[in-house]
**Q** 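Here it is, the structure in full.
Just so it is clear, the values below take in all heavy atoms, side chains as well, and ignore hydrogens, waters and symmetry mates.
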Amino acid sequence: MPVQWLIAAASWTLDAGSRISLPRREPVSAIVPARTSIFDLAAAESWCTHASASPAHLQSVYRHLFRRGGALTAEALHSEAGLPRQLASGMCSAFVPCSSRVVERVESAGGRKLVVELASGLRVETVLIMHEHLSTGRQRCTVCVSSQVGCGRQCSFCATGTMGALAQLSAAEILEQVWHARQSVREDGGAEVRNVVFMGMGEPLDNLDAVLSSLRGMTHQSLFDLGARRITVSTVGGSAGRIMRLADEAPRVRLALSLHAATQQLREELIPSARAVPLDALGEALDYHARETGAGACLEYLLIAGLNDQPDHADALAAFCRERKGPAGFCNLVRRPAFHTTPHHATRLLDRNPSAPPPRPGPHTAPTCALTVPPSLRPRSRTTRRALARYMGTRRRRMRAWPPSTPGCERCTACMRWCDGAQRQGVMPRGHAASWSSRGDGPRERRFTPGHGLSGIVQGAPCRHEQAVC
């Protein structure tokens, strides 16, 4: 029978090197089972308090594991990390290097999917996205992590929503996904993982305590040492209060809102859980987050043909963006590819998690991680990347979809799509979506021409669909 440690909450925390400091809570007695993951920072702090270890000991252990790639053995902790022999032996008997394992790897163009099996036997997906920086051309690696097994939001276009919420991931299980992704990249000699997005399985704000604890581990200088601005938490906006709490406790972490519709009725059709949060309350939460963090949110808008891609939907989205107060955000238009009502990958996930209910076919079904871009829409040439950099000016500028109409300009359905050059390169929205400066309220002058490598549409040019003037 494994030994269990009966301890209280940590009387000290590893504050040295911490970029996100969570509020202290009252000590509560808890039973921490043996062979706990070393990624559980709160459990490690509590165990060290019980063992009369200092914060310097725990900091030395994490630096040994994360920076030098050392092993979690008693001899290595004693000789390389400098722990007393008895303390090193006790830590190795109480903790394991990792409680999950990668059971499947699926390669694709520009990315890789890892199927991670948890200690409970349930499985989640972690997606590695490799791409080039638009301005420098250097390779970047972004990890898309899951926060739940399944999801209870039941979005009609999401495959994970058909599974229901099966389990909440702990902070250690979320951090282990980043660890597996980093080890996978290092084995192939790729770029280091510097960006993390919570856009995998589950709704992060439904598991907010574990997400905040994992954010602390990701940004801690003794662990993953990621910049908080390089982490994005995506939510469907199921709770305005939790968005405000995220702004208070992790103000430097980016926020992405899955909007998908700018009218309450249509949003409730796409996202049934939107009935609990009106758009007005959601907008106030976004304004509060922008005011407290100094950065606007990313509005994710999935274009579904014939449902939310009409001109009146564009006007509603523009009105919702103009009503926002504080720093300007930007709108990310995601084109929905064609999928079957019951995706193959969702069926495979249900096979791995037999306790999940059968999928509920929906009218609009999209992949679990909407961040994956088809290969035909990725940038291909350095000329295109440089032209885009000249057009955007600086990275401080933001994009807003569909600014106010200019006199004599009418929108056609095709204006919801991308222009010819962007459809090939996948880097530029249609010319009608003008670029906006973060310092002013008016549209900036366009700076690109077809000679720059982008066959865009300049203001006043005839629409290529011959239905309007853009």
**Q** List the atom of F95, the atom of S37, and the distance in Å for their closest heavy-atom pair.
**A** CD2-O, 3.7 Å
**Q** Regarding E173 and S100, do their side chains bring together a donor and an acceptor under 3.5 Å, going by distance alone?
**A** no
**Q** I need the I38 CD1 to E176 CD distance, nearest 0.5 Å.
**A** 11.0 Å
**Q** Evaluate the criterion side chain to side chain contact (heavy atoms under 4.5 Å, CB included) for residue pair E125 and C144; output intermediate values, then yes/no.
**A** CA-CA 9 Å; E125 290 183 350; C144 179; over 6 Å; no
**Q** Would you give the length of the straight line joining atom CG of L223 to atom CG of L65, rounded to the nearest 0.5 angstrom?
**A** 8.5 Å
**Q** Among residues at least two apart in sequence or on other chains, which ones pass salt bridge (Lys or Arg N to Asp or Glu O under 4.0 Å) with R112?
**A** E107, D188
**Q** Has R186 got a side-chain atom pairing as donor or acceptor with Q183's backbone, closer than 3.5 angstrom?
**A** no
**Q** Determine whether a donor-acceptor pair (N or O, by modelled atom type, separation under 3.5 Å) exists between the side chain of R242 and the backbone of L205.
**A** yes
**Q** Would you check if F157 and I271 make a side-chain contact, meaning some heavy-atom pair closer than 4.5 Å?
**A** yes
**Q** Using a 3.5 Å distance criterion without hydrogens, assess whether the side chain of S89 forms a donor-acceptor pair with backbone atoms of R85.
**A** no
**Q** So, the side chain of S60 versus the backbone of H57: is there a donor-acceptor pair under 3.5 Å, distance only?
**A** no
**Q** Considering residues at least two apart in sequence or located in another chain, which fulfil the salt bridge (Lys or Arg N to Asp or Glu O under 4.0 Å) criterion with D225?
**A** R19
**Q** Do the non-hydrogen side-chain atoms of R182 and V143 ever get within less than 4.5 Å of each other?
**A** no
**Q** Salt-bridged, E187 to R105, with N to O below 4.0 Å?
**A** yes
**Q** Under 3.5 Å, side chain of S156 to main-chain N/O of L270, donor-acceptor pair present?
**A** yes
**Q** Ignoring hydrogens and geometry, is there a side-chain-to-backbone donor-acceptor pair from H78 to E75 under 3.5 Å?
**A** no
**Q** Mind checking side-chain contact (heavy atoms from CB on, under 4.5 Å) for S258 and listing every partner two or more places apart, or none if nothing turns up?
**A** S234, V236, H260, E300
**Q** Which pair of heavy atoms, one from A71 and one from H64, lies closest together, and at what distance?
**A** O-NE2, 3.0 Å
**Q** First locate atom CG of N195, then atom CZ of R230, and finally report the distance between them rounded to the nearest 0.5 Å.
**A** 5.5 Å
**Q** Output side-chain donor-acceptor pairs under 3.5 Å for residues 276-290, partner residues at least two apart or in another chain, one line each.
**A**
residue: D287; atom: OD1; partner: R324; partner atom: NE; Å: 3.0
residue: D287; atom: OD1; partner: K325; partner atom: N; Å: 3.0
residue: Y288; atom: OH; partner: D248; partner atom: OD1; Å: 2.7
residue: Y288; atom: OH; partner: D248; partner atom: OD2; Å: 3.3

**Q** Between T49 and E45, is there a donor-acceptor pair closer than 3.5 Å when you use the side chain of the first and the backbone of the second?
**A** yes
**Q** Applying ring pair (Phe, Tyr, Trp, His ring centres under 6.0 Å), name anything that partners F224, two or more places apart in sequence or on another chain.
**A** F66
**Q** Checking side chain to side chain contact (heavy atoms under 4.5 Å, CB included) for the pair V127/M199: CA distance, chi angles, key distance, verdict?
**A** CA-CA 9 Å; V127 179; M199 297 182 181; over 6 Å; no
**Q** How close do Q264 and A274 get, heavy atom to heavy atom, and via which atoms?
**A** NE2-O, 3.1 Å
**Q** Dump the intermediate steps for side-chain hydrogen bond (donor to acceptor under 3.5 Å, both in side chains) on S147 and E203, then the final yes or no.
**A** CA-CA 7 Å; S147 57; E203 164 58 37; over 6 Å; no
**Q** Look at the side chain of R267 and the backbone N and O of L259, then say whether any donor-acceptor pair between them is shorter than 3.5 Å.
**A** yes
**Q** Any idea which heavy atoms bring A171 and S214 closest together, and the distance?
**A** CB-N, 3.8 Å
**Q** Scan side-chain atoms only and decide if Q168 and Q148 contain a donor-acceptor pair under the 3.5 Å cut-off.
**A** yes
**Q** Starting at CE of M91, measure out to CG of L83 and round the result to the nearest 0.5 Å.
**A** 6.0 Å
**Q** Kindly compute the distance separating CE (M130) from SG (C141), expressed to the nearest 0.5 Å.
**A** 5.5 Å
**Q** Only counting residues at least two apart or in another chain, list the ones meeting side-chain hydrogen bond (donor to acceptor under 3.5 Å, both in side chains) with E292.
**A** none
**Q** Minimum heavy-atom separation for V145 and Q177, please, with both atom names.
**A** CA-OE1, 3.6 Å
**Q** Just so I know, are the side chains of T126 and H180 near enough to count as touching, which here means a heavy-atom distance under 4.5 Å?
**A** no
**Q** Can you see which heavy atom on A53 is nearest to which on L87, and at what distance?
**A** CB-CD2, 3.8 Å
**Q** With a 4.5 Å cut-off on side-chain heavy atoms, are C298 and T232 touching?
**A** no
**Q** Apply side chain to side chain contact (heavy atoms under 4.5 Å, CB included) to L317 and C331, showing your working.
**A** CA-CA 9 Å; L317 178 60; C331 184; 3.8 Å; yes
**Q** Any side-chain heavy-atom pair from I231 and F198 closer than 4.5 angstrom?
**A** yes
**Q** Might you work through the side chain to side chain contact (heavy atoms under 4.5 Å, CB included) test for T293 and L246, ending with a clear yes or no?
**A** CA-CA 10 Å; T293 63; L246 180 66; over 6 Å; no
**Q** Checking Y62 side chain against Q221 main chain: does a donor-acceptor pair fall under 3.5 Å?
**A** no
**Q** Rounded to the nearest 0.5 Å, what's the gap from NZ on K113 to CG on L128? Could you check?
**A** 12.5 Å
**Q** Quick check: do P84 and Q86 have side-chain heavy atoms less than 4.5 Å from each other?
**A** no
**Q** If you count heavy atoms of other groups shown closer than 6.0 angstrom to CD of E192, is the number above 12?
**A** yes
